[in-house]
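These numbers come from a predicted model, not from an experiment. So that the names make sense, note that chain A is the first sequence line, chain B the second, and so on, each numbered from 1.
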Amino acid sequence: MAHEDYIERIILDLLGELDPAERGELETHLASCAACSREAKAWRNPVHALAYTVAPIAPPAEVRAQLLKRVAVLKAESSTTSSAKQANEISVDQEKSHQEKSNVVVLTPRSAKDEAVRFGRSSFFSAAIAAALVIAALIISLIYLWSRNQALQTELAQTYGRLSQVQGELEQARDEKIILTAAESRIRVLEGTKVAPRANAVLSYDRQTGRTLFYASNLPQAPAGKAYQLWFIADSKPISAGVFSVDDAGRATLRSQVPSSGLNASLFAVTLEPAAGVSSPTGDKYLLSSAS
Amino acid sequence: MRAVARGDEQAFADLYDRYSSILFGLLLRILNGRAEAEDVLQEVFIQVWQKAGDFNEDRGRAFTWLVTLARSRAIDRLRATESRDRTAVRAARETIEGEINADEEAIRSEEGAFVRSALAEIPAEQKRTLVLAYFEGLTQSEIASRLNEPLGTVKTRTRAGLTKLRELLRSRF
């Protein structure tokens, strides 16, 4: 469209005759056309110059009074709660309808003060209600948060428990790996004796650190008050590597530490001893390493 | 205006005191009754209070902004409440020339006087279309049917009248 056509639209727009679609189209054009934009500015004053031809007529005083009151309410609205706002609007509307009914409005200082006091009192009352509601809401939130906190604490404790359990399992797994892969580790097989012919076991130990890993299966349940004990026999001297018991399936796992005196053992055995263990084997042998 | 945008109630009251009479006069000229004019005057100033932040000096003078708001609301109210067939009351208002020229109480400011004298220099037909458009809120087509003139003629006269006014006012504004 040529700019000439836009001038007509600009004038119609200033007269308020464009519909929203036409208006939008014009504004889009003005945004990108400096010449037409200048034109639009230049036509503003001539169009509204007509407003200068009317006689100024003073509006009634109560219009000013009502207006200023409404503005004060609008201003207060932006910083109070909705219940206070409703109370104010009601009181302003009441005053407005009261004034509309009377023919002559006489604003003496005393009645203005009364209105101000009524206004002030009702706004104080509603502000108090608003404050009470806010406090009640806060208390309810507080109670809810406290009980939620309790629940979370319990959950947390459970989680810690599980966490340390898992950490324990992880450490064991690490140990096992270390023991089995360490350069100085040894693996021995133990076989069941006459009293437990089907029993067997695998022993792995680290000759550097003494860390010991022992798995046994098919061992009979130990009688009450008794437990199995693992021995490292070095230079014909038995050194204890720990006490263990078997589960319902006859399996046992022992992770322990053997003293350095047992590290160059060539013979390994498992005997049945009193539950607390002994310093020297006394009971029957259940597992024995094959001669190396 | 910036003070009003900031929420300065006193500045707002000052604005009202300065412009309310002009705007009320305009509203009375456009609308049918006093009660309506009072309502719209309040609405306009409430809108001023709420939208003072939108006013940009770049876009024109405060007076023009206020007048635009007032006229716009008045015309909207007019279109909403009046029937399309204008009543005899409005027809009686059409002693347009007489109103403009004989009005001794028109804005006594220098600007007001200047505008009135400028308008006096515009041919009567052009002035008539402008007044009908501005104060009656008639669209160009409505003016055409009211005056029983072709639409093209109305458009030409509107444009010519405003162009003349623009030239005359150029030195002033």
Exercise for the section: Tell me, for A:Leu14 versus chain B, whether the close heavy atoms (under 4.5 Å) come from the side chain, the backbone, both or neither. Expected result: backbone

Practice task
With a 4.5 angstrom heavy-atom cut-off, could you sort out which part of B:Glu167 is near chain A: side chain, backbone, both or neither?
Solution key: neither

Completion exercise
Highest number of heavy-atom pairs under 4.5 Å with chain B among A:Gly16, A:Pro46, A:Pro59 belongs to A:Pro59

Problem - Verdict with supporting geometry, A:His48 and B:Phe63, ring-ring contact (aromatic ring centres under 6.0 Å, His included) - result: CA-CA 9 Å; A:His48 291 292; B:Phe63 174 71; 8.5 Å; no

Exercise for the section: Decide, yes or no, whether a salt bridge links A:Arg23 with A:Glu17 under the criterion of side-chain N to carboxylate O below 4.0 Å. Expected result: no

Fill in the blank from the handout: When the 4.5 angstrom heavy-atom criterion is applied to A:Ala42 and chain B, the contacting part is both

Handout entry: Residue part contacting chain B, namely of A:Leu67, when any heavy atom lies under 4.5 Å
Key = both

Handout entry: B:Asp76, part contacting chain A, at a heavy-atom distance under 4.5 Å
Key = neither

Practice task
Report the C-alpha distance between A:Arg44 and A:Glu39 in whole Å, list the side-chain angles of each, state the deciding distance to 0.1 Å, and finish with yes or no for salt bridge (charged side-chain N to carboxylate O under 4.0 Å, His left out).
Solution key: CA-CA 9 Å; A:Arg44 218 173 276 140; A:Glu39 273 297 300; over 6 Å; no

Problem - Euclidean distance, A:Leu15 CG relative to B:Ser72 OG, rounded to 0.5 Å - result: 11.5 Å

Exercise for the section: Determine yes or no for a side-chain-to-main-chain donor-acceptor pair under 3.5 angstrom, with B:Glu43 supplying the side chain and B:Val40 the backbone. Expected result: no

Completion exercise
Scored by heavy-atom pairs under 4.5 Å with chain B, the best of A:Leu74, A:Val71, A:Val63, A:Val47 is A:Val71

Completion exercise
With chain A, the option among B:Arg71, B:Glu9, B:Arg166 that has the most non-hydrogen atom pairs under 4.5 Å is B:Arg166

Handout entry: Segment of B:Ile75 engaging chain A (4.5 angstrom heavy-atom cut-off)
Key = neither

Handout entry: Check: B:Lys127 side chain, B:Gly161 main-chain N or O, donor-acceptor pair, under 3.5 Å
Key = no

Practice task
Using a strict cut-off of less than 4.0 Å between a Lys/Arg side-chain nitrogen and an Asp/Glu carboxylate oxygen, indicate whether A:Glu8 and B:Arg159 qualify as a salt bridge.
Solution key: no

Problem - Which portion of B:Lys155 sits near chain A, non-hydrogen atoms under 4.5 angstrom - result: side chain

